[in-house]
Structures are given as structure tokens and as C-alpha cells.
Amino acid sequence: MIDLKKLRDAPDEFKASAARRDPDLVSRLDTILELDRQRRAVLREVEALKASRNKASFEVAQRKKAGDDASDLLAELKTASAKIKDHDQRLHDIEQELTHQQLRIPNPPLASVPTGDASANQEIRTWGEPRTFSFEPKPHWDIGQSLGILDLAGGAKVAGKGFPVYVGLGSKLVRGLINFMLDLHTTEHGYVEVWPPALINEASARGTGQLPDLANDMYVTEDGLFLTPTAEVPVTNLHRDDTLAIGQLPLGYAAYTPCFRREAGAHGKETRGITRVHQFDKVELVCFCTPESSGEELERLLGHAEMVLQRLELPYRVLALATGELGFASAKTYDLEAWAAGMNTWLEVSSASVFTDFQARRANIRYRPKAGAKPDFVHTLNASGLALPRTIIALLENNQMEDGTVRIPEALVPYLGVERLTPNAR
RNA sequence: GGAGAGGUGUCCGAGUGGUUGAAGGAGCCGGUCUCGAAAACCGGUGGGCUCUUACGGGUCUCGAGGGUUCGAAUCCCUCCCUCUCCGCCA
């Protein structure tokens, strides 16, 4: 949720920032400003009416207590009350429209975010060297099939396209990666591990910004719950309506959840293999912190996600996303892209974002800067650490050998119990 | 799913139509005392919106949303959540 006071106090500055995302936002912000003016005008009227009503009501109480007659006042109050009801209705209508509009304005980008579409993304750094092959590296769907660890047809049979099945060491690889990542983040990076629900309610989806506009990206159940698209939603909303103590911050959680995405309209792109699927597994890092520290927290989160790739010995690059590429709630995002030798491309395996106070406003997550001080909104951040399918793609494609086996990086060996994936091994 | 009990401020806990934003206690903040601390004592202490340069004022808020009433924490309706018992079930 945008900060209405900020918009009101410095409208031009606010609009200029929003326009870097989308020039159409300017007129929508003007609409909001007008609604805000109306709201405050009606509010002043209705509050004046209520003030005089309260005064008269008090007088009635006094007279009744004293045994005096108050029928003249009561008659007066009856009409005043009707008038108030009328004004309240108008106020309610305006506020409803205002909220409707406000909920649909994305977070303005931070100044350091480059303006433009994907072509304006900035490469921050790279790590590792894409390996050179003495043979033609295969794509992961071929490797997965010949090793017998990936059953796409089976998944399509039991659920549908985009629901992969991992078999044997493939399944163990999924399980091992989840454990490896959670262990790394909890023991070395200091995160508190949580295991949240995979289904979320409407209020949670609104809190992190999936609703109202991104409803079509989620699966809905019959009783109005959504299958979570990312652990960010349940974990961030864990503290919805909370006021955190300053001593709790920064507060970091690491959570595994399956993630569900309808990917409506994405068909035809990246349809082979497991690059884009409807259900996948992900370990997510979520952080609550003070507004002053969110800049450095973003860098820390990014570093923690990078560490996963480094331990897995996967070459990657870090991109600072341009304004046109930012997610709805994000003020700044880094993407982490791992190299996939078989597909001969970079694949997004993680995304680290700072949401400033945008989600905190929606979800009403505050903190008290010091005992006795007024509460203020926290800043929230998250980073994938990491999403599994594309990590698996990179592992299979980069570490494949000419004989068809796949080398397992050292960090994962304890989790898999083997140093190499071989055909039909169990 | 059925029956019952209940949701009050940071926490515990009073309060069944009119100076109740809400007793009392704890906590927290400030002060007195002390070399310092503890204890004791005194004072202060919710949040949102809004008006005001400011001091300060107004309004809303007792799970959520509606309703009755001149007036609702208190009465009525709907929903949500927690607890107990029963049923069902991994």
C-alpha cells in the first residue's frame, strides 16, 4: 500500500517516481488525490456533526439523571442522527473507492533502480565460470530421462502438464536440496526455520500484494483459500497486525513450501522440461527490519542466496532489475541467474527484493523504535534461497559427464549419499 | 460436522444501555530515595484518522461487519477465531 500522506505532501515527486514504472500511474494517482480531498472534506463535516451529537447526548444523560425532561433534545437528536447516518454512508462510499484504487498502485521504485524494461537490467557481478565441454551438453529433460530421475509424463498423467514427478535419486535430490538449504540458512545465516501452511487466505494474499490484481496467477479452492505461490505470503503474514519490539529486529525466517502457480498465459514459452511448472519447491528467506537498515539487509539476503549457489558450485550472475521488471510490491529487486549449459542460457533461480513499508502497510506490521515511542511500519524483504527446479536444471546440465552420469557437488554429497548420479541408480 | 464456553488496552483482568478509552494489577517511561542498583513511593503511559505553524482539539476504536437506540464494550443478526466435550479422520 502506498503512503497516502507522502503522496499528498509531495505529489510531484511521488508521481515522477511511479511514472518510472508506468506513466499511466500518474492519472490514477491524481484520482486518488481527488478522492482523498473528498474524503477529508466529508470527514470534517461528519465529525463536526458527531461532536455536537455527543455533546447533546451527554446533556440528555444529565437531565435524565436529574429527573428533568429532555424530549426537546431527543427530537432534535433524532434528525441529527439521521443526518449523520447519511454523511457516514457517503464517507464510506468514498473510502471504499479510495481503498480500491490504493490497493492497485504498485510500490514506487527506489532511486537506485534503473529505468526501463528488461534491456535496462544491470549486471552487478558474476561468479564462477561456465564450464567448457568436450561434447555437446544435453538439456536436463534428456538427462533426467536417461538417468530415470524425472518423469514428466507421469506427472502429466496424475495431475497435468507442469507437474513434474521426481523418481529415485531425483526425489532424493529434491529432498536433499531442501535440507541442505534450510541447514545452511539456519545454522550459518541465523534464520529461524518455519514450516508454514501451503494454503493462504484472502487477507494474507492482500497483505503481501498478490491480491487484488494477481488473483489469476493463483489456484483458488472452493472455500476461498489460495494455494500459496511462495512461502513469502504465509511467512510475512505471520506478523500481520503485530507490533514487533525493536529488540526482535532484524527478524529472519527460512521456510520451505511447495509453490503453486497457474502460469496462465505463459504457455508456449519454456514449455519443455521443468523450467516453468505449476508446482515446485522453494526455500524462502523472509526478513523484517527497521526502515534504516533495509538497504543493507537486502544485500545480506542476496549474499545468503548467493552462498547457496556458491556451495553448489554453480556459476551465476546478479542482475539489478529495471523499473519495468519489478514485481508489484517490490521497490528494488536483484535476480540471481544460474548458468544452464544444456539450454545454453541463464535461468532465474532466486529473486531478492526489498518491499520497503509497502507490504507492512497492507499487512499492518509495525515495530516500536523504542519503549514508549509511537509504532512505525517495518520494512519487509525476501529472497528465494533457492527455487528448486532451475537449480536442479543447472546441476544436471552443468555437471553432466560424457558418459551420461552427473557429478554431485561436495556440499550435497552428505544429503544424497552418492557422488554421482548414474542411470537407474536408487 | 454436532453441543457448549469465550474473544476487552503490551499482558492479566473488571465491567450487561448514559461523565467507560474503559476499574484494578502487572509491565513500560519519568521522578524521589541511593555511591550505584533493588525495594518503596509519586507521576505518566493504547492505536487509527483528522484539524492546527504550534499548544492543543475533534472523531473512531472493547474479534470483524451490519442492526436497534438520542446514546452500545454492554441488546439483536451474520461471520471469523480460541477452548472443552462428542463424532469423523491422516
Can you tell me the base-pairing partner of [N]? Count Watson-Crick or G-U wobble geometry only, both distances below 3.5 Å, and say none if there is no partner.
N     : answer
B:U45 : B:G27
B:G4  : B:C83
B:A90 : none
B:U78 : B:A64
B:U32 : B:A40
B:G18 : B:C70

How far does the [atom1] atom of [N] sit from the matching atom of [M], given to the nearest Å?
N     : M     : atom1 : value
B:C28 : B:C11 : P     : 15 Å
B:G7  : B:G65 : C1'   : 16 Å
B:C49 : B:C76 : P     : 33 Å
B:C77 : B:U69 : C1'   : 16 Å
B:G6  : B:C12 : C1'   : 16 Å
B:G9  : B:A3  : P     : 29 Å

Self-check item: Positional range of nucleotides in RNA chain B within the contact set of chain A, heavy-atom, under 4.0 Å
Solution: B:G18 to B:G71
Self-check item: A:Gln101 atom CD, neighbour heavy-atom count above 12 within 6.0 Å
Solution: yes
Quiz item: Is the number of heavy atoms from other residues, nucleotides or ligands under 6.0 Å of A:Gln145 CD greater than 12?
Solution: no
Quiz item: Base, sugar-phosphate, or nothing: which does A:Lys55 touch, judged by heavy atoms less than 4.0 Å apart?
Solution: nothing
Quiz item: Touch check for A:Leu43, heavy atoms < 4.0 angstrom, all strands: base, sugar-phosphate only, or nothing?
Solution: sugar-phosphate
Quiz item: Salt bridge check: are A:Asp357 and A:Lys6 linked by an N-O gap of less than 4.0 Å?
Solution: no
Exercise. Mind running a 4.0 Å heavy-atom check of residues 358-368 of chain A against RNA chain B and sending the residues that fall below it, in number order?
Key: A:Arg366, A:Arg368
Quiz prompt | Pairwise 5' ranking along RNA chain B for A:Ala48 and A:Pro375, keeping only the more 5' one | solution = A:Pro375
Practice problem: Please tell me which of A:Asn54 and A:His92 maps to the more 5' nucleotide of RNA chain B, matching each residue to the nucleotide holding its nearest heavy atom. | Solution: A:Asn54
Extract all donor-acceptor atom pairs below 3.5 Å that involve side chains of residues 319-330 of chain A and protein atoms in other chains or at least two apart in sequence.
from     : atom 1 : to       : atom 2 : distance (Å)
A:Thr323 : OG1    : A:Arg20  : O      : 2.8
A:Thr323 : OG1    : A:Gly116 : N      : 3.0
A:Ser330 : OG     : A:Lys332 : N      : 3.1
A:Ser330 : OG     : A:Lys332 : O      : 3.1
A:Ser330 : OG     : A:Thr333 : OG1    : 2.6

Quiz item: Side chain of A:His304, backbone of A:Gly385: donor and acceptor closer than 3.5 Å?
Solution: no
